[in-house]
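Notes for the one structure printed next.
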Amino acid sequence: MDKILIRQLKVDAIIGIHEWEKQNKQALILDLDLSFDCKPAAKSDDINDTLDYFKVCQQLTDFISASRFELIETLAEKSAQMILDYYPCKKVKLSLFKPEAINNTDAVGVRITRSQ
Ligand SMILES: Nc1nc2c(c(=O)[nH]1)N=C([C@H](O)[C@@H](O)CO)CN2
């Protein structure tokens with residue numbers, strides 16, 4: 001199955017189990033693989049025949065930047081479900097990273113795969 005790819009989408013959000021994380025937004029980074037048949041758009045050369053990754057990034061950014069969750073698992077789940085609800089992709093593989101959470105790491109995170 002073909003995939004529309006989004007790499008290193010950066011969004012700030014309120015996310016975490018500690019009180020200090022609930023006071024200020026922190027950086028999050030997302031990688032997404034959206035399973036979608038790209039043949040029709042490749043034939044028509046028409047944006048309406050594909051998944052517009054600009055719209056996906058814009059909707060994810062709006063949702064995540066307005067969210068307030070404790071666990072990255074919760075935010076990842078809700079983000080993947082929103083994509084499946086709004087876009088005709090068959091499967092979403094979503095990785096969500098917190099680059100500032102744990103000292104001496106580049107990042108910590110979660111990776112989930114959800115299907116229609
Ligand atoms: N599996 C998880 N473990 C932890 C999370 C999380 O969201 N999922 N969150 C925290 C803290 O908020 C941490 O990111 C900041 O100190 C700890 N463990």
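Hydrogens, waters and symmetry mates play no part in the numbers below; they use all other heavy atoms, side chains included. Note that ligands are numbered from 1 as they come in the structure, with each ligand's atoms numbered from 1 the same way.
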Before signing off on this row, confirm whether [X] and ligand 1 have an N or O atom pair separated by under 3.5 Å.
X   : result
I72 : yes
G16 : no
W20 : no

Is there a path of hydrophobic side-chain contacts, each under 4.5 Å between heavy atoms, that joins [X] and [Y]?
X   : Y    : result
L96 : Y53  : yes
L34 : I112 : yes
V56 : L32  : yes
L84 : I64  : yes
I14 : V110 : no

[atom] - nearest protein heavy atom and its distance:
atom                    : result
atom 12 (O) of ligand 1 : E21 OE1, 2.7 Å
atom 1 (N) of ligand 1  : E73 OE2, 2.7 Å
atom 16 (O) of ligand 1 : H18 CD2, 3.2 Å

Take atom NZ of K22 as the centre, draw a 6.0 Å sphere, and report whether it contains more than 12 heavy atoms from other residues, nucleotides or ligands.
-> yes

Atom NZ of K3 with >12 non-hydrogen neighbours under 6.0 angstrom |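 Count over threshold, so yes.
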
Which atoms from ligand 1 have a heavy atom of [X] less than 4.0 Å away?
X    : value
L71  : 6 (C), 7 (O), 8 (N)
A101 : 14 (O)
K98  : 12 (O), 13 (C), 14 (O)

Salt-bridge contact D33-R7 (side-chain N to carboxylate O under 4.0 Å) |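 Here D33 pairs with R7 in a salt bridge, since their nearest N and O are under 4.0 Å apart.
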
Is atom 3 (N) of ligand 1 in close reach of the protein, with a heavy atom under 4.0 Å away?
-> no

Is there a protein heavy atom less than 4.0 Å away from atom 18 (N) of ligand 1?
->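 Within 4.0 Å of atom 18 (N) of ligand 1, no protein heavy atoms are found.
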
